[in-house]
Amino acid sequence: MNNADSTYALRRGLEAYLRAVAEAIDLPAEGTSCEISDTATAYVALPGRPGKDLMLLWDERAGWSLAIEHNPPGTAETVARLSTDVVPAPRDVAAFVENAVAGRSTSTDRPATASDRAALAERLSGYIAGPT
């Protein structure tokens, strides 16, 4: 798979994975976004409190983290990290969010790095529904 094919496959798989994560958290997919550049990253908007925006962040090297952006906007403060596989099941991401928001302990260890984009794209392809 060449670089352009790998990037396209990664984007399609990541978008499908984000939809599955949003569904598991019971959020609309419209609140998700992703970017494929030097690092593949993703964002899921979470319901927050006044003056604080909660966000679920993902990147191909560190996996998922929960962060708060304070008002006025600035650097996000990471409050919890999901230290499992870089691509955990959507239900596991939803449980992580529920536990972190409720103040229950979550690990801050770093997951193993996903170093092969083609392999990452292949893993994420399982979330793509319908014809390819």
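Worth knowing before you read on, the calculation uses all heavy atoms, side chains too, and leaves out hydrogens, waters and symmetry mates. From a predicted model like this one, the values you see are computed outputs, not experimental measurements.
The hydrophobic clustering, which links ILVMFWY residues whose side-chain heavy atoms are closer than 4.5 Å, places Leu54 and Val79 together. There is no path of hydrophobic side-chain contacts, each under 4.5 Å, that joins Val101 to Leu57.
Here the closest heavy-atom approach between residue Arg19 and residue Ala29 is recorded as CG-CB, 3.8 Å. Residue Ala40 comes nearest to Leu10 through the heavy atom pair CB-CD2, 3.9 Å, listed as atom of the first residue, atom of the second, then distance. Ala76 and Ala67 get closest at one heavy-atom pair: CB-CB, 3.9 Å. Across all non-hydrogen atoms, the minimal contact from Ala94 to Ala24 is CB-O, 3.5 Å.
Inter-residue side-chain proximity for Ser65 and Leu56 is flagged as unmet; no heavy-atom pair is nearer than 4.5 Å. You'll find the side chain of Val87 reaches within 4.5 Å of the side chain of Tyr17, heavy atoms only. Residues Leu14 and Tyr127 have side chains not in contact (no heavy-atom distance under 4.5 Å, counting atoms from C-beta outward). Looking at heavy atoms from C-beta onward, Glu98 lies in side-chain contact with Arg104 at the 4.5 angstrom threshold. Side-chain contact check for Met55 versus Ile68: every heavy-atom pair is 4.5 Å or farther apart. Between Cys34 and Glu15 there is a side-chain heavy-atom pair separated by less than 4.5 Å. Within the 4.5 Å cutoff, the side chain of Tyr43 has no heavy atoms near those of the Leu18 side chain. Contact check for Leu46 versus Leu66: side-chain heavy atoms found under the 4.5 Å cut-off.
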Show your reasoning for whether side-chain contact (heavy atoms from CB on, under 4.5 Å) applies to Val86 and Trp58. CA-CA 9 Å; Val86 174; Trp58 178 89; 3.9 Å; yes
Apply side-chain contact (heavy atoms from CB on, under 4.5 Å) to residues Glu60 and Arg117 and explain how you reach the verdict. CA-CA 9 Å; Glu60 68 182 290; Arg117 280 205 166 170; 2.7 Å; yes
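Atom CD of Glu23 has 12 or fewer neighbouring heavy atoms from other residues, nucleotides or ligands inside a 6.0 Å radius.
Thr39 and Arg61 are linked by a side-chain donor-acceptor pair at a separation below 3.5 angstrom, with hydrogens and angles left out of the test.
Evaluation of the ring-ring contact (aromatic ring centres under 6.0 Å, His included) test over residues 18-37, restricted to residues two or more places apart or in two chains, returns none.
Side-chain N or O atoms of Trp64 include none that pairs as donor or acceptor with a backbone N or O of Pro88 at under 3.5 Å.
Salt bridge absent: Arg123 and Asp116 never bring a charged side-chain N and a carboxylate O closer than 4.0 Å. Arg11 has no carboxylate O lying under 4.0 Å from a charged side-chain N of Glu35, or vice versa, which leaves the two without a salt bridge.
In this structure, CZ in Arg91 is found 14.0 Å from CD1 in Ile25, a value given to the nearest 0.5 Å.
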